[in-house]
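None of the values given here were measured: they were computed from a predicted structure.
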Amino acid sequence: MDVFSYFTSDLLLLMVGIFSGASICSTDFSARGVAELYIPAGVSRGVLLFTRILGHAVNLGLLATTLYLIKFAVIPYLADEPATPEIKIHSLMLLFSYLKGLTALCIATLIGSVARPLYAVLGCLTLFCFGHLTSTFDALLNSTTFNQSTSQIGLFNSILYSIFKV
């Protein structure tokens with residue numbers, strides 16, 4: 001499994017989800033500027049936002065499917081020694097990446113409904129970076145590296161480990 005291609009497609013789906021979600025609740029709905037021209041009078045704002053989120057979710061799903069079809073059908077055969085990829089692993093990675101992008105879309109839409117799109121993007125990036133950092137730190141604390149002797153991991157790391165392990 002090519003980890004780099006998985007990481008890039010996962011990151012691309014996350015960024016598309018964040019930027020799409022942040023732009024759903026833009027200022028044209030609060031100022032009623034251009035929105036008056038193309039929104040029928042009987043459509044409520046909730047229905048309009050739901051259909052826009054649904055449309056972005058479908059676009060995100062199509063992008064995820066395209067990326068993973070390329071990864072499944074093209075990338076393994078570009079290697080020097082082609083290997084047949086497992087469809088089960090690719091399907092799980094597709095589902096995980098799509099759900100992560102969909103979560104980013106929903107969170108960015110939520111933040112973007114009360115703040116400007118730039119603040120929604122920055123807030124979502126901060127949220128996802130903090131989540132990644134804490135999960136990585138938790139995995140580091142639970143690894144067997146810190147169970148080794150103090151001389152192998154250093155005194156400072158040993159003190160940090162004893163503080164955070166409590």
May I ask you to test the Phe19-Val121 pair for a side-chain heavy-atom distance under 4.5 Å?
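Result yes, sub-4.5 Å side-chain heavy-atom pair found.
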
Option among Leu14, Leu95, Leu105 that satisfies the side-chain contact (heavy atoms from CB on, under 4.5 Å) test with Lys100
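Going through the options one by one, the only one that passes is Leu14.
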
Rounded distance [0.5 Å steps], CG in Leu63 versus CG in Leu12:
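Taking CG in Leu63 and CG in Leu12, the distance rounds to 5.5 Å.
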
Verdict with reasoning, Ile24 to His56, per side chain to side chain contact (heavy atoms under 4.5 Å, CB included):
CA-CA 9 Å; Ile24 285 178; His56 283 293; 3.4 Å; yes

With heavy-atom distances below 4.5 Å as the criterion, would you say the side chains of Leu92 and Phe96 are in contact?
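Side chain of Leu92 against side chain of Phe96, heavy atoms only: no contact under 4.5 Å found.
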
What heavy-atom pair brings Gly101 and Leu60 nearest, and what distance separates the two atoms?
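In this case the closest contact between Gly101 and Leu60 is C-CD2, 3.3 Å.
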
Would the distance check show the side chain of Ser97 and the main-chain N or O of Leu94 forming a donor-acceptor pair, the cut-off being under 3.5 Å?
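Flag not set: sc Ser97 to bb Leu94 has no pair under 3.5 Å.
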
Below 4.5 Å, heavy atoms only, C-beta onward: do Asn59 and Val16 meet side chain to side chain?
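No, every pair of side-chain atoms sits at 4.5 Å or beyond.
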
Starting from Phe128, can I reach Leu110 by hopping between I/L/V/M/F/W/Y residues whose side chains sit under 4.5 Å apart?
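Not linked; separate clusters.
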
Quick check: does any side chain N or O of Ser20 sit under 3.5 Å from a backbone N or O of Gly17, one acting as donor and the other as acceptor?
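Answer holds: no.
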
Can you check whether Met93's main-chain N or O pairs, donor with acceptor, with Tyr98's side chain at less than 3.5 Å?
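No; judged by distance alone, with no hydrogens or angles, the pair does not exist.
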
Closest approach of Ala104 to Cys124 (non-hydrogen atoms, all atoms of both residues):
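Here Ala104 and Cys124 meet closest at O-SG, 4.4 Å.
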
Report whether Ile107 and Leu122 are members of the same hydrophobic cluster (ILVMFWY, side-chain heavy atoms less than 4.5 Å apart, transitive linking).
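No, it is not one cluster - the side chains of Ile107 and Leu122 are not joined through contacts under 4.5 Å.
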
Approximate separation, where rounding is to 0.5 Å, of Ser23 OG and Ile18 CD1
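Spacing of OG (Ser23) from CD1 (Ile18) equals 12.0 Å.
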
So how far is it from Leu67 CG to Leu62 CG, rounded to the nearest 0.5 Å?
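Result: 11.0 Å between the selected atoms.
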
Checking Arg52 against Thr109 for the side chain to side chain contact (heavy atoms under 4.5 Å, CB included) test, could you report, in this order, the C-alpha distance in whole Å, the side-chain angles of both residues, the deciding distance, and whether it holds?
CA-CA 10 Å; Arg52 290 187 97 191; Thr109 303; over 6 Å; no

Could you tell me which non-hydrogen atom of Ala22 sits nearest to which non-hydrogen atom of Ala120, and how far apart they are?
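Closest pair (atom of Ala22, atom of Ala120, distance): CB-CB, 3.8 Å.
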
